[in-house]
Amino acid sequence: MAVSVDALPGRIRHRFPVFEKRVYINSCSQGALSDSVREAYDRYLADWDEYGAPWEYWVAQLEAARGTIAGLINADEDEVAVTTSVSAGVSALASGLRFGNERDKVVVSDFEFPTIGQIWHAQERRGLRVEHVPSEGDGTIPLERFEAAIDEQTALVAITYVCFRNGGRLDVEAIARLAHERGALVLVDAYQAVGSLPIDVRSLGCDFLAAGVLKYLLGSAGLGFLFCRRELVQGIEPTATGWFADRDIFEMDIHDYSPAPTARRFEAGTPPIPPIYAAIAGIELMQEIGIAETEAHVRELNALLHDGVEDLGTRAVTPRAPEQSGALVCVPSTDVNALVAALDAEGVVTSSRDSNLRISAHCYNTADDVRTVLDVLARNRELLAAG
Ligand SMILES: Cc1ncc(COP(=O)(O)O)c(C=O)c1O
């Protein structure tokens with residue numbers, strides 16, 4: 001068991017120097033820095049030094065990032081906007097949707113990241129109604145809850161693949177099928193899934209998918225993306241826009257608004273060049289490591305984690321079933337700040353949301369990392385809440 005579970009990290013862990021000093025098991029917040037992402041940042045600085053203002057090359061890097069992202073999620077390049085964050089991409093999308101009298105409702109799952117709820121509530125100023133879909137206490141949202149909320153007035157359903165708060169995973173395919181049967185569009189926030197689970201926008205059946213590269217894709221802050229299904233692109237005219245969203249970026253015309261015919265219309269100003277270098281390096285590294293292999297590896301680690309937490313007399317709030325969870329496992333605590341600090345004092349990096357400890361293993365984590373976490377939890381049993 002220990003041999004097989006550690007085969008993947010055995011191959012790649014040396015490329016992530018943080019492990020020389022810490023047990024890093026917090027990829028739901030940020031992936032560990034790799035040698036290749038560090039080298040990409042060095043290359044950005046070297047190119048700047050060497051060429052002064054290599055704008056043509058930098059715009060080519062933007063296009064390279066678009067191609068890499070499209071390949072990652074099985075989209076076409078002209079269906080991908082390279083944005084500075086999930087928030088920027090989804091805001092551009094929301095600004096371009098027209099809500100008629102007949103379809104004036106957006107259905108938002110209770111698993112959403114704040115940005116998603118906030119963006120749709122901001123559209124209330126434009127006449128939209130927002131309906132929330134509540135979750136169960138067991139970290140799930142049954143499909144029947146979506147069946148009750150999605151109706152003939154629903155313009156769009158906003159769902160998250162894996163919840164940042166409790167690690168619960170939604171059945172995106174089933175919800176998308178239901179939404180489409182009722183004439184609604186579907187937006188998926190895949191930030192807590194991309195890089196830790198293979199993502200295919202075609203088999204998910206979504207219309208839009210937003211994510212960023214900071215976490216399981218091993219990139220850095222400052223880069224996100226928005227997929228928009230080809231058939232929908234030209235019918236959406238974002239009013240949150242900028243010159244890099246224009247049909248001809250270098251036309252420099254201030255007299256009209258002529259958005260790009262592709263998903264580039266969801267972009268805005270000067271592209272975030274440094275994180276683009278990092279994103280390409282991070283995504284390529286994850287593809288080289290293997291995302292499907294990573295998913296299988298993390299499932300094994302998470303089984304050890306769930307068992308260990310149960311041996312300590314509690315239960316994770318994250319469901320155990322593979323179809324109901326992703327990489328993130330959340331453990332309830334009586335004082336989560338004290339628990340994160342206790343782990344940190346022993347060199348273990350985790351994070352928290354609500355009153356839950358977030359433990360998120362990735363390709364580089366070992367069974368020993370999980371044992372180290374469990375040892376610290378055992379020594380701080382009084383900080384664990386009943387599951
Ligand atoms: C599920 C999810 N969505 C969105 C975000 C943040 O998106 P943005 O790129 O707008 O900061 C996060 C970040 O923590 C997240 O976990």
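Computed from a prediction, not measured in an experiment: that's the story for all the values here. Residues: numbered from 1 along the sequence shown. For ligands, and for the atoms within them, numbers begin at 1 and follow the listed sequence.
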Does a sphere of radius 6.0 Å around CZ in Arg22 hold more than 12 heavy atoms from other residues, nucleotides or ligands, not counting ones at 6.0 Å or beyond?
yes

The side-chain contact (heavy atoms from CB on, under 4.5 Å) partner of Phe208 among Val188, Val186, Val90, Leu156 is Leu156

Just one of Thr314, Asp354, Leu357 clears the side-chain contact (heavy atoms from CB on, under 4.5 Å) bar with Pro332, so which one?
Thr314

Parallel, tilted or perpendicular, judged at 30° and 60°: which one describes the rings of Tyr364 and Phe19?
tilted

Sub-6.0 Å ring centroid separation between Trp48 and Tyr57
no

Supply the atom-to-atom distance His362 NE2 to Asn26 CG, rounded to the nearest 0.5 angstrom.
12.0 Å

Pairs of nitrogen or oxygen atoms, one from ligand 1 and one from the protein, closer than 3.5 Å: please tabulate them with distances.
from: ligand 1; atom 1: 3 (N); to: Asp189; atom 2: OD1; distance (Å): 3.4
from: ligand 1; atom 1: 3 (N); to: Asp189; atom 2: OD2; distance (Å): 2.6
from: ligand 1; atom 1: 9 (O); to: Val86; atom 2: N; distance (Å): 2.9
from: ligand 1; atom 1: 10 (O); to: Val86; atom 2: N; distance (Å): 3.4
from: ligand 1; atom 1: 10 (O); to: Ser87; atom 2: N; distance (Å): 2.8
from: ligand 1; atom 1: 10 (O); to: Ser87; atom 2: OG; distance (Å): 2.5
from: ligand 1; atom 1: 14 (O); to: Lys215; atom 2: NZ; distance (Å): 2.7
from: ligand 1; atom 1: 16 (O); to: Gln192; atom 2: NE2; distance (Å): 2.9

